Amino acid sequence: MSRSSRHAPLQPVRVVFLSAITGLLMASFGTLAQTDPIEAAMDASMIQAQPGLPGTPDELRALGYAQQEKHIRAREYADRVLEQNPSSFAGHEVLALVYHYAEGNFPRALYHANQAEALLMAQHGDPPQAAWRWHAILLKELAGIHNELSHFEETLAYFERYNQSYNPRVVAERAWPLMKMRQFDAARRAAAEGIQEGSQRQREVALNALCAIEFEAGNTETSYEACREAVNYARTTGNLNSVDLTNFAEASRSVMQLEEAERTLLEATRARGSWFGNPWLELAELYTRGGRFSEALDALRELPGVRRARPPHVRDSDRNETWRALSAFYLVAGRPDEAQRITSKAMVMPDRRAHNSRDPAQDRTIIALLDRRSHRMLAESELESAAGAGLWDRTEARVRALSLRFDGWMSGRQSVQLLSTDEALVGAFQVGSARAAVMPTWLAPELSGVLGPGVVESAIASARTEDQRSVAGAYYDAFAAEAAFVRGDEERALELAERSLPLLSRGEALLRARLLAIRAEATATESGTAAASPLYAQAMLSDPGVLRRMELELPVRIVLSQGGDVAEAIEDAIGRSPRFDEDDAGLTLNIDARANHAELCLRHEGTTFGCTEASAETNESPAEFAARASAEFHRDAFAPRVDLSQGDIGSLDGSNRVTRDPLEDMLGPQ
């Protein structure tokens, strides 16, 4: 996730930066009495017209209920008002608030806000002296809706109109839309003006903005310091929240300080929450990157609850962020079927990115790469599962695998199109920077198989020249090692892998596993399998699924504890599998199989990498039993050991629970 903004809406929480627009709007309402039932609080004294807030009792009640987040009641009164008087600007204004905050229907909210503006101007002039409070609320609402829709020029225009008539002025909040328009100097000036304004809130917003501005401008070190300053200032004011911390965590990742990023994100999970930014999501990606699969799963389990706790208009703001993290986890957990189920949705349902600094093309590129790999892994699984089957079934599996690989090729073409400019292509390898803020370090090497090694090597050379980060060299060596390996230059691949490995941190377990696999393959060619086997073993220890994702064979020495039809059938299946290459100097695969029971174990020098026990089912032939035992062993040997239940699969992406009680969003807090 790229930098997020902060603000203070009606509740005392801060949100992704330009949400300051909507926060200013909600804060401008004030508060009404919190008596329960609320109708008792709406007595005559509270619905009397105030200076600048003329209206009928029903119009004022509608606004009051909106202030109380009682959106069903607000809509009921607004609908009643418009039924009685279609020219009521107040009725349209309240409906804009309801559609915006209760339903997240931004186009509909904009329609009603535009209607309210036209009617208000027609009835009270511009500026409307007698209805100035309605006008002030409406200008901020229009700015907020346009921001939700990424209409940043319109957002700035409504800010300007507000500033011409009302105080306190919107100052630092202008920095975010200017940054989104890539007007970095103007954004810096807006942030500086906010700091000069002198209030605590303006300084908080400005520092948060500078954190994002410098990151997007490509000034990674400057952004790191700005994010640190934003966190330190929030600590001094006692106003620290999860957005400040998640932004600083990403800044830490951008300079490859992964341990600092983890500490900061763990603190963020305990800090006051906000509408945007989710430290659990970023922890899940960090743990996946580090091969800490159980911890990644635990972090992912926290995501649905965080999402449900958000108000409706921001609940889907990071939906694809979540899908990206989930699909990546499912891939490395050996569940390409679940990964592909998610990527197929994410490919056609992009997020709204108004509240985050990153270019949305990055998200689409990564999802396309994940979708490509999930299809190719499914193809590998088809061949693995059919290795013990008869000739006809193996032939059908090859046809299915070809179809899946074609689907993967199509997804790869989408990533090619998204990387069609030199800026995008070179930027894709600058992991951690604004140009590749969320590109998983272990996924970037896949581009060698998508774009071709020659194109990738040229892009890496350009990226290396542009990148001033001292820690970046090891990553470029790692990516170049895979490009050389795909090109067939194993000597160069081995040289680059050996140069990169000592410099990569433990937090890069998946990338290190790829390099170990490349080093093993190159060593096997140069020095033989015996020299390479320890490297294969190291790769499997770090990331059991790495060979499957890279579509490589593991050399194994098959040892049968005893003969028999089942044992021999399993041995034949292993020999036909795309995952294994029989070699007397490889890792040891022990097969102990009888008519009704089989145990397969993969070991090397006292380390066990995976064992599978299977028992024959009723009426199952020896051949069928052997085929099933072989397929189960493939699933166990090439996937990490995580307790991923079917309940997790149904709940992590919210597929078995769309939202919380749908009435809660409309009725508001009770």
Side-chain angles (χ1 to χ4, degrees), residues 289 320 323-324 327-328 330-332 336 339-340 342-344 346-348 350 359-380 401-431 433 435-464 475-489 492-493 496-497 510-511 513-515 517-518 521 543 545-552 578:
R289 177 175 176 174
N320 272 26
W323 284 350
R324 185 190 69 235
S327 58
Y330 283 140
L331 274 183
V332 301
Q340 197 278 321
I342 293 173
T343 56
S344 64
M347 295 272 283
V348 297
D359 178 358
Q362 288 186 38
D363 297 86
R364 296 197 296 272
T365 300
I366 294 168
I367 286 295
L369 289 174
L370 291 170
D371 192 67
R372 171 185 178 270
R373 178 46 56 195
S374 67
H375 277 101
R376 293 190 68 90
M377 281 184 67
L378 285 170
E380 293 296 299
L402 284 172
S403 177
L404 287 163
R405 288 193 179 116
F406 177 78
D407 291 339
W409 178 83
M410 292 292 291
S411 297
R413 297 308 301 170
Q414 290 197 37
S415 63
V416 169
Q417 292 172 6
L418 290 163
L419 298 174
S420 59
T421 66
D422 288 344
E423 180 180 5
L425 175 59
V426 172
F429 294 98
Q430 294 175 330
V431 290
S433 74
R435 298 167 75 180
V438 290
M439 172 67 79
T441 54
W442 56 270
L443 188 65
E446 294 268 338
L447 288 169
S448 290
V450 176
L451 300 166
V455 172
V456 165
E457 287 173 326
S458 177
I460 291 171
S462 297
R464 191 192 297 265
Y475 291 87
Y476 294 126
D477 284 343
F479 304 152
E482 183 134 354
F485 178 69
V486 172
R487 183 163 47 83
D489 188 349
R492 177 61 173 163
L496 289 166
L510 299 194
L511 180 58
R514 291 187 81 98
L515 289 172
I518 290 170
E521 289 280 301
D543 177 10
V546 65
L547 297 182
R548 176 185 280 162
R549 291 200 308 279
M550 295 180 71
E551 301 176 24
L552 299 177

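Because the structure is predicted, anything quoted here is derived from the model rather than measured.
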K.L.:
Any salt bridge linking Arg376 with Glu446? Criterion: basic side-chain nitrogen under 4.0 Å from a carboxylate oxygen.
P.N.:
no
K.L.:
I'd like to know if the side chain of Gln362 and the backbone of Ala437 have a donor-acceptor N/O pair within less than 3.5 Å.
P.N.:
yes
K.L.:
Take Asp477 and Arg464 through the salt bridge (charged side-chain N to carboxylate O under 4.0 Å, His left out) test and state the conclusion after the steps.
P.N.:
CA-CA 9 Å; Asp477 284 343; Arg464 191 192 297 265; 3.1 Å; yes
K.L.:
Hey, could you give me the CG/CZ distance between Leu404 and Arg372, rounded to the nearest 0.5 Å?
P.N.:
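Separation between the atoms: 13.5 Å.
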K.L.:
As an exercise, state the distance from OG of Ser411 to NE2 of His375, rounded to the nearest 0.5 Å.
P.N.:
5.5 Å
K.L.:
Holding to salt bridge (charged side-chain N to carboxylate O under 4.0 Å, His left out), I want the full list of residues that pass it with Glu482, two or more places apart in sequence or in another chain.
P.N.:
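Here the qualifying residues are Arg514.
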K.L.:
Considering only residues two or more places apart or on different chains, which pairs with a residue in residues 405-421 satisfy salt bridge (Lys or Arg N to Asp or Glu O under 4.0 Å)?
P.N.:
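Of all non-adjacent pairs touching residues 405-421, those that pass salt bridge (Lys or Arg N to Asp or Glu O under 4.0 Å) are Glu380-Arg405.
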K.L.:
Would you name the heavy atoms of Ala424 and Leu419 that are closest together and state the gap between them?
P.N.:
O-CD2, 3.5 Å
K.L.:
Could you report the tightest heavy-atom contact between Leu511 and Pro445, atom names first, then the distance?
P.N.:
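Scanning both residues completely, I find the closest heavy atoms to be CD1-CG, 4.0 Å.
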K.L.:
Provide the closest heavy-atom pair for Ala401 versus Ala379 in the form atom of the first, atom of the second, distance.
P.N.:
O-CB, 3.6 Å
K.L.:
With sequence neighbours left out, write down each residue that passes salt bridge (charged side-chain N to carboxylate O under 4.0 Å, His left out) with Asp489, or none if nothing qualifies.
P.N.:
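Result, salt bridge (charged side-chain N to carboxylate O under 4.0 Å, His left out) vs Asp489: Arg487.
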K.L.:
Rounded to the nearest 0.5 Å, what separates atom CG in Leu378 from atom CZ in Arg373?
P.N.:
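Here the rounded value is 11.0 Å.
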K.L.:
Just how far is it from atom CG of Leu447 to atom OG of Ser415, taken to the nearest 0.5 Å?
P.N.:
6.5 Å
K.L.:
What is the minimum heavy-atom distance between Val431 and Ala428, and which atoms define it?
P.N.:
CG1-O, 4.3 Å
K.L.:
Here's one to test your reading of the geometry: is the NZ or CZ of Arg549 within 45 degrees of the ring axis of Trp442 and under 6.0 Å from its centre?
P.N.:
yes
K.L.:
Should the pair Arg364-Asp371 be classified as a salt bridge under the 4.0 Å nitrogen-to-oxygen rule?
P.N.:
no
K.L.:
Would Val455 and Leu425 count as a side-chain contact (heavy atoms from CB on, under 4.5 Å) here? Give the steps.
P.N.:
CA-CA 9 Å; Val455 172; Leu425 175 59; 3.7 Å; yes
K.L.:
Could you tell me the separation between the CZ atom of Phe479 and the OG1 atom of Thr441, rounded to the nearest 0.5 Å?
P.N.:
6.5 Å
K.L.:
Which pair of heavy atoms, one from Leu515 and one from Ala481, lies closest together, and at what distance?
P.N.:
CD2-CB, 3.9 Å
K.L.:
Can you tell me if Thr343 uses its side chain to pair, donor with acceptor, with the backbone of Gln340 under 3.5 Å?
P.N.:
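It does hold such a pair.
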K.L.:
Check Val450 against Gly412 and note the closest heavy-atom contact, atom names and distance.
P.N.:
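Distance-wise, the nearest heavy atoms are CG1-O, 3.5 Å.
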K.L.:
Measuring from Ile367:CD1 to Ser374:OG, what's the distance to the nearest 0.5 Å?
P.N.:
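Result: 9.5 Å between the selected atoms.
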K.L.:
Should the ring pair Trp409 and Phe406 be called parallel, tilted or perpendicular, given that the plane angle runs from 0 to 90° and is split at 30 and 60?
P.N.:
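Judged by the thresholds at 30° and 60°, the geometry between Trp409 and Phe406 is parallel.
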